[in-house]
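First up is the structure itself, then whatever we jot down about it.
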Amino acid sequence: MSSPTEAELDCLRRIDVLVLTAVELDARRCEELLNLTYTLYLECGRQIAPALQTRERLAPPLRAGIEVDGRRLWPSPAATVAS
């Protein structure tokens with residue numbers, strides 16, 4: 001077995017976080033969400049690669065994969081979101 005390359009090690013060190021939103025967020029809210037990943041970085045010691053995207057703007061093939069492999073963290077599927 002060969003040693004991993006630096007690029008492969010980078011992938012293992014980085015955590016990709018995709019936040020899907022129902023609507024476009026203003027710049028202030030985007031910054032707040034991105035800043036929340038700093039705590040995750042401190043806890044796990046890995047580089048965080050966050051991305052914010054609306055569900056509508058996400059490419060259908062990627063959206064299909066996320067629906068299979070993704071995990072909803074908030075709100076829980078049973079929760080009702082008040083408008």
Side-chain angles (χ1 to χ4, degrees):
M1 186 166 149
S2 64
S3 298
T5 65
E6 190 62 32
E8 290 169 329
L9 288 174
D10 244 7
C11 285
L12 296 174
R13 290 184 199 125
R14 188 181 74 215
I15 298 174
D16 295 318
V17 176
L18 174 61
V19 177
L20 290 178
T21 62
V23 297
E24 285 288 331
L25 303 177
D26 62 37
R28 183 183 63 78
R29 178 58 98 189
C30 287
E31 184 174 347
E32 286 175 1
L33 287 172
L34 294 175
N35 286 340
L36 289 173
T37 65
Y38 184 67
T39 302
L40 181 59
Y41 163 74
L42 292 175
E43 288 180 15
C44 70
R46 294 186 179 195
Q47 178 182 349
I48 309 296
L52 301 172
Q53 188 65 262
T54 63
R55 184 174 161 76
E56 274 187 16
R57 292 182 59 202
L58 197 62
L62 184 55
R63 186 170 50 222
I66 289 169
E67 288 170 354
V68 171
D69 297 327
R71 301 290 179 261
R72 174 177 274 200
L73 301 177
W74 185 89
S76 67
T80 304
V81 178
S83 50

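Residues take their numbers from the sequence shown, with the count starting at 1.
- L36 contributes atom CG, which lies 8.5 Å from atom CG of L34 (distance to the nearest 0.5 angstrom).
- Note that CD of E31 and CG of L52 are 11.5 Å apart. Values are rounded to the nearest 0.5 Å.
- V23 and V19 sit in two unconnected hydrophobic clusters of ILVMFWY residues. Membership requires side-chain heavy atoms under 4.5 Å apart, directly or through other members.
- Here OG1 of T21 is found 11.0 Å from CZ of R55. Values are rounded to the nearest 0.5 Å.
- Between L58 and R63 the shortest heavy-atom distance is O-NH1, 3.3 Å.
- The pair R29-E32 counts as a salt bridge, with a side-chain nitrogen and a carboxylate oxygen less than 4.0 angstrom apart.
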